[in-house]
Number of protein chains: 2
Amino acid sequence: MPQSRTQDPRAAVPLPPAAFHVLLAIGAEERHGYAIMAEVKRITDGAVRMGPGTLYSTIKRLLDHGLIEECGERVDPLRTDQRRRYYRMTTLGRTIVASEAKRLQSMINKSGAGTWAPGEQH
Amino acid sequence: MPQSRTQDPRAAVPLPPAAFHVLLAIGAEERHGYAIMAEVKRITDGAVRMGPGTLYSTIKRLLDHGLIEECGERVDPLRTDQRRRYYRMTTLGRTIVASEAKRLQSMINKSGAGTWAPGEQH
DNA sequence: AACAACTATATCGTCTACTGATATATCACA
DNA sequence: TGTGATATATCAGTAGACGATATAGTTGTT
């Protein structure tokens with residue numbers, strides 16, 4: 001019954017960082033856990049390396065809260081790996097991740113953080 | 001001496017969200033704790049309300065890690081409130097917050113999260 | 001000068017979330 | 001058939017976030 005957060009998208013923002021990473025990694029695709037790990041690493045240029053502990057507990061929470069859902073009958077044309085469990089974002093998930101992205105973007109813009117760096121450190 | 005994280009800016013990224021909020025709130029100014037709370041609320045349009053528990057424990061950590069420093073001899077021209085303790089970012093702090101902002105910005109850009117929203121919910 | 005309301009810092013216990021280690025099983029390939 | 005990569009799952013330990021509470025200085029009013 002953890003549907004309480006799902007009433008108002010604003011109530012779920014700020015999103016925990018790991019949840020945000022997972023949602024961004026899934027994007028518009030249908031991805032399985034292991035692919036999400038790799039995608040997080042890729043998207044963040046290796047800065048974020050998400051282990052299985054963080055990944056699967058986050059997936060569980062996102063499922064519980066209705067931000068993602070498992071797509072059952074999916075068939076991979078090239079290879080059929082029975083272990084894989086594929087997930088896609090729900091409409092709610094897209095709403096919330098967009099809201100979080102907007103919040104972060106707004107914060108970065110207001111701060112002018114991009115202009116503070118005292119040059120590249122060598 | 002938790003200076004271990006301070007060797008390489010990349011090692012301190014990702015920054016804990018509260019730490020990122022505090023650094024952005026301080027910005028190029030010299031601010032005291034209570035003003036940081038208000039500034040975080042303002043910057044995030046009320047979406048993030050940071051209580052004293054999060055604030056002061058975060059300030060302590062940022063001091064320990066050398067991302068901010070206390071400015072001692074500061075005199076406020078209009079009012080002199082002896083309780084206030086003012087903080088400013090260090091060069092290291094500016095480097096790290098800029099690095100984190102860059103990382104988040106890059107992630108948002110790559111994901112196209114801004115275009116996912118199924119319109120404003122009413 | 002006494003009082004109330006606001007400002008400001010500090011700490012405590014609790015809970016959520018993150019992390020690394022470990023386990024187990026399946027798949028690809030030789 | 002075996003070994004290395006892929007894939008999911010769970011657990012214990014810890015860091016970080018949060019709300020409540022405490023304490024005290026400051027401002028303004030009468």
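Considering only side-chain atoms of A:Thr54, the nucleotide from C:dT19, D:dA9, C:dT7 that sits closest is C:dT19. Taking the side chain of A:Tyr56 as heavy atoms from C-beta on, and the options D:dA17, D:dA7, D:dT21, the nearest nucleotide is D:dA7. Set against C:dT9, C:dA8, C:dC27, the side chain of A:Gln82 has C:dC27 as its closest nucleotide. Set against C:dC27, D:dA9, C:dA17, the side chain of A:Arg85 has D:dA9 as its closest nucleotide.
Regarding B:Ile59, its CD1 atom lies at a distance of 15 Å from the P atom of D:dG16, rounded to whole Å. Going from atom CG of A:Leu55 over to atom P of D:dC11 covers 17 Å, rounded to whole Å. Remark: C1' of C:dA17 and NZ of A:Lys60 are 14 Å apart, rounded to the nearest angstrom. Note: CE (B:Met50) to P (D:dG19) measures 11 Å, nearest angstrom. A straight line from CE of A:Met37 to P of D:dA7 spans 9 Å, rounded to a whole angstrom. For the pair B:Asp64 CG and D:dG16 C1', the interatomic distance rounds to 14 Å; values are reported in whole Å. In this structure, A:His32 places its NE2 atom 16 Å from C1' of D:dA9, rounding to the nearest Å. Computed from coordinates, the A:Leu23 CG to C:dA17 P distance equals 13 Å when rounded to whole Å.
In this structure, B:Arg84 does not reach the C:dT9 phosphate: none of its side-chain N or O atoms is under 4.0 Å from OP1 or OP2. Contact annotation: B:Arg61 reaches the phosphate of D:dA17 (side-chain N/O to OP1 or OP2, under 4.0 Å). Considering only side-chain N and O atoms, A:Arg83 lies nowhere under 4.0 angstrom from the phosphate OP1 or OP2 of C:dA28.
For A:Ser106 (side chain) and A:Lys102 (main-chain N/O), no donor-acceptor pair under 3.5 Å exists by modelled atom type.
In this model, a donor atom of one side chain and an acceptor atom of the other lie less than 3.5 Å apart for A:Tyr86 and A:Arg84.
Both B:Tyr34 and A:Pro17 lie close to DNA chain C; mapped to their nearest nucleotides by heavy-atom distance, the more 5′-ward contact belongs to B:Tyr34. With DNA chain C read from its 5' end, the first of the two nearest nucleotides for A:Pro52 and A:Ala19 is the one closest to A:Ala19.
With contacts defined as side-chain heavy-atom distances shorter than 4.5 Å, the pair B:Arg83/B:His32 does not qualify.
Looking at A:Asp45 and B:Lys110, a side-chain N of the basic residue comes within less than 4.0 Å of a carboxylate O on the acidic one, giving a salt bridge. Using a 4.0 Å cut-off between charged side-chain N and carboxylate O, A:Glu39 and A:Arg31 make a salt bridge.
Among the protein residues, B:Gly53 comes within range of the nucleic acid bases, having at least one heavy atom under 4.0 Å from a base atom.
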